[in-house]
Amino acid sequence: MVYAFVPQHLIDLAEYLNNKEFSDEYYDLQCIYRTIINRAYISTYLYTKEWIINNGLYYDVKYYSKRDVGYHIAICIALEKLNRHHISKVYEELIELRVDADYDIVTIITPK
């Protein structure tokens, strides 16, 4: 699949930010932690979607769901149908982290 950018670069950015020391005196650490989670999630989403398309029966992951769900949940359904239960569980946990990081401005995100 051809993307407008290289998904690995998102992981590289997340790793760079994660490995760099930031002072809360000069940086909003919540923004940095949330960016790390978001970039890691989007890269994982793109790689997982591509793996499913390359290793499954369909050219679109939504065909696995047989219902009107978003692409992110369709990934979990496709992984389950492809007998990747553990990966589906981990992916679902990553979705939850990403939702907290992107949409829950009250929750404190930690480096853990």
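Count residues from 1 along the sequence.
Sorted by first and then second residue, the salt bridge (Lys or Arg N to Asp or Glu O under 4.0 Å) pairs with a member in residues 75-89 read Lys89-Glu93; sequence neighbours excluded. Each salt bridge (Lys or Arg N to Asp or Glu O under 4.0 Å) pair with one or both residues in residues 18-38, not counting sequence neighbours, would appear here, but there are none.
Both Val99 and Leu10 are members of a single hydrophobic cluster when ILVMFWY side chains are connected at heavy-atom separations under 4.5 Å. Tyr91 and Tyr103 fall within the same hydrophobic cluster, defined by Ile, Leu, Val, Met, Phe, Trp and Tyr side-chain heavy atoms under 4.5 Å apart, directly or through other members.
Under the rule for a side-chain hydrogen bond (donor to acceptor under 3.5 Å, both in side chains), Asp100 has no partner lying at least two apart in sequence or in another chain. Tyr16 meets the ring-ring contact (aromatic ring centres under 6.0 Å, His included) test with no other residue; sequence neighbours excluded. Residues satisfying the ring-ring contact (aromatic ring centres under 6.0 Å, His included) criterion with Tyr27, sequence neighbours excluded, are Phe22. Here Tyr47 pairs with nothing under the ring-ring contact (aromatic ring centres under 6.0 Å, His included) rule; sequence neighbours left out.
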Given Arg39 and Ile11, is the side-chain contact (heavy atoms from CB on, under 4.5 Å) satisfied, shown in steps? CA-CA 6 Å; Arg39 297 301 85 191; Ile11 287 290; over 6 Å; no

Test side-chain contact (heavy atoms from CB on, under 4.5 Å) on Leu17 and Thr35 and set out the steps. CA-CA 8 Å; Leu17 292 173; Thr35 298; 3.8 Å; yes

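The closest donor-acceptor contact from the side chain of Asp104 to the backbone of Thr107 lies under 3.5 Å. In this structure, the side chain of Asn54 engages the main chain of Glu50 through a donor-acceptor pair within 3.5 Å. Side-chain atoms of Lys49 never come within 3.5 Å of backbone atoms of Ile75 as a donor-acceptor pair (strictly under, hydrogens ignored). Ser43 places no side-chain N or O within donor-acceptor distance of the main-chain N or O of Ala40, the cut-off being under 3.5 Å.
Within the 4.5 Å cutoff, the side chain of Ile77 has no heavy atoms near those of the Ser88 side chain. In this structure, Tyr45 and Arg98 have side chains that are not in contact, with every pair of non-hydrogen atoms separated by 4.5 Å or more. Side-chain contact between Tyr33 and Thr110: absent, with no pair of heavy atoms (C-beta onward) separated by less than 4.5 Å.
Within 6.0 Å of NE2 in His86 there are 12 or fewer heavy atoms belonging to other residues, nucleotides or ligands.
Distance check, rounded to the nearest 0.5 Å: OH of Tyr71 to OG1 of Thr48 gives 15.0 Å. To the nearest 0.5 Å, atoms CD1 (Ile32) and CD1 (Ile37) are separated by 12.5 Å. Annotation: the span from Leu29 atom CG to Ile108 atom CD1 amounts to 11.0 Å, rounded to 0.5 Å. The CD1 atom of Ile42 sits 12.5 Å away from the CG atom of Leu13 when rounded to the nearest 0.5 Å. Annotation: the span from Ile109 atom CD1 to Cys31 atom SG amounts to 11.0 Å, rounded to 0.5 Å. The distance from atom CD1 of Ile52 to atom OH of Tyr59, rounded to the nearest 0.5 Å, is 15.5 Å.
Side chains of Glu15 and Asn19: a donor-acceptor N/O pair is absent below 3.5 angstrom, by distance only.
The heavy-atom pair separating Gly56 from Leu82 by the smallest distance is CA-CD2, 4.1 Å.
In summary, the aromatic rings of His72 and Tyr41 are positioned with their centroids under 6.0 Å apart.
In this structure, Tyr58 and Tyr64 have perpendicular ring planes: the angle between them is above 60°, well past the 30° mark.
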